[in-house]
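Down below is the structure, laid out as structure tokens.
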Amino acid sequence: MDIQFLQEYGDKVIVAVDYGEKKCGVAFGEILPQKSLVIPTKNLNGFIKKLKPDRIIFGLPLSMSGRYTQQTFKTVAVAFKFSKEYETYLCDERLTTKIGERISKRDDAVSAALIFQSFSENPSACEKITDPRRKVDLTLEKTDGEVLLYEFPDPSLDIEAREVDVVTKNPVLAYFYSKKGYFVERELREKKYDLIVSGRNCSELKKYLKENGRLVCL
């Protein structure tokens, strides 16, 4: 590792990470990625501390159909930890990974460079990590029916039901729901529910209610 090169960037540096459990692609620079490489995952924390970045950009792994995967939540867990110390973002990496595989056998490093470039070109397409959880004072009666929690900000809500679906496009909120054992989707399915508890878009959710279903909006 070229420590002198890293130190020259100081706090101006942006770091992009293509995260993996054993190794990570990393790219860093200012406006453009100046260097990209692959490092062991166990060294990621120390590597980033040496860089002292202004921002960290993690590629967000999703399935090609746009669904959450276990790798999504592993990546979000790591990115969330970094967000407590650095300004940290998540960028959809589906395209960058495929391009990286075509360009080079060092696909992790190339993917990290492409994640960096994606953020530089369109930062608004990436999501800054914050803690989206919010305690909601709500008591729900036990139901034998099907329940939908839609963009609902409190994963700690106690709910007893035959089936509970969770839908949120916020990957950090999805991660906390997954930790509670829920299966989380990014998009609504064509399905009817007995109860929908929603944090937003309430008027659009009425079509997903059963005939005698109930909609609870925050």
What's the separation between atom [atom1] in [X] and atom [atom2] in [Y], rounded to the nearest 0.5 Å?
| X | Y | atom1 | atom2 | result |
| --- | --- | --- | --- | --- |
| N43 | I48 | CG | CD1 | 11.5 Å |
| S203 | L215 | OG | CG | 9.0 Å |
| L218 | D154 | CG | CG | 9.0 Å |
| D92 | S118 | CG | OG | 9.0 Å |
| T168 | E151 | OG1 | CD | 3.5 Å |
| S36 | D18 | OG | CG | 11.0 Å |

Inset, instruction - Pick out which of K135, K180, R133 makes a side-chain hydrogen bond (donor to acceptor under 3.5 Å, both in side chains) with S156. - result: K135
Inset, instruction - Can you run down the ring-ring contact (aromatic ring centres under 6.0 Å, His included) pairs that involve residues 123-155, sequence neighbours left out, and say none if there aren't any? - result: none
Legend entry - Residue pairs passing the ring-ring contact (aromatic ring centres under 6.0 Å, His included) test where at least one lies in residues 161-188, sequence neighbours excluded: F80-F176, Y177-Y182
Path from [X] to [Y] over hydrophobic side-chain contacts below 4.5 Å:
| X | Y | result |
| --- | --- | --- |
| V17 | L62 | yes |
| L205 | V216 | no |
| I196 | V166 | no |
| L149 | L188 | no |
| V76 | V167 | no |

Inset, instruction - Using ring pair (Phe, Tyr, Trp, His ring centres under 6.0 Å) as the criterion, list what pairs up with Y193, not counting sequence neighbours. - result: none
Inset, instruction - Could you list the residues that satisfy ring pair (Phe, Tyr, Trp, His ring centres under 6.0 Å) with Y86, not counting sequence neighbours? - result: none
[atom1] of [X]: more than 12 outside heavy atoms within 6.0 angstrom?
| X | atom1 | value |
| --- | --- | --- |
| K179 | NZ | no |
| R134 | CZ | no |
| R214 | CZ | no |
| K192 | NZ | yes |
| N122 | CG | yes |

Inset, instruction - Quick one: do V172 and T130 satisfy side-chain contact (heavy atoms from CB on, under 4.5 Å)? Show the steps, please. - result: CA-CA 8 Å; V172 179; T130 58; over 6 Å; no
Inset, instruction - Kindly indicate, with the supporting measurements, whether the criterion side-chain contact (heavy atoms from CB on, under 4.5 Å) is fulfilled by Y208 and K191. - result: CA-CA 6 Å; Y208 294 97; K191 183 176 177 180; 5.7 Å; no
Inset, instruction - Starting from the C-alpha separation in whole Å, work towards a yes-or-no answer on side-chain contact (heavy atoms from CB on, under 4.5 Å) for L37 and F47. - result: CA-CA 11 Å; L37 65 161; F47 183 89; 4.1 Å; yes
Inset, instruction - For residues 72-84, pull every pair meeting salt bridge (charged side-chain N to carboxylate O under 4.0 Å, His left out), keeping only residues two or more places apart or in separate chains. - result: E21-K74
Inset, instruction - Just grab all the salt bridge (charged side-chain N to carboxylate O under 4.0 Å, His left out) pairs involving residues 119-128, residues at least two apart or on different chains. - result: none
Any side-chain heavy atom of [X] sitting closer than 4.5 Å to one from [Y]?
| X | Y | value |
| --- | --- | --- |
| F58 | E93 | no |
| D194 | D144 | no |
| I129 | L90 | yes |

Legend entry - Sidechain N-carboxylate O distance under 4.0 Å for R67, E187: no
Where the side chain of [X] meets the backbone of [Y], is there a donor-acceptor pair that is under 3.5 Å apart?
| X | Y | answer |
| --- | --- | --- |
| T72 | P61 | yes |
| D165 | L148 | no |
| T41 | G20 | yes |
| N170 | L173 | yes |
| T143 | A161 | no |
| R186 | G66 | yes |

Inset, instruction - Kindly indicate, with the supporting measurements, whether the criterion side-chain contact (heavy atoms from CB on, under 4.5 Å) is fulfilled by V136 and L157. - result: CA-CA 8 Å; V136 177; L157 178 71; 5.9 Å; no
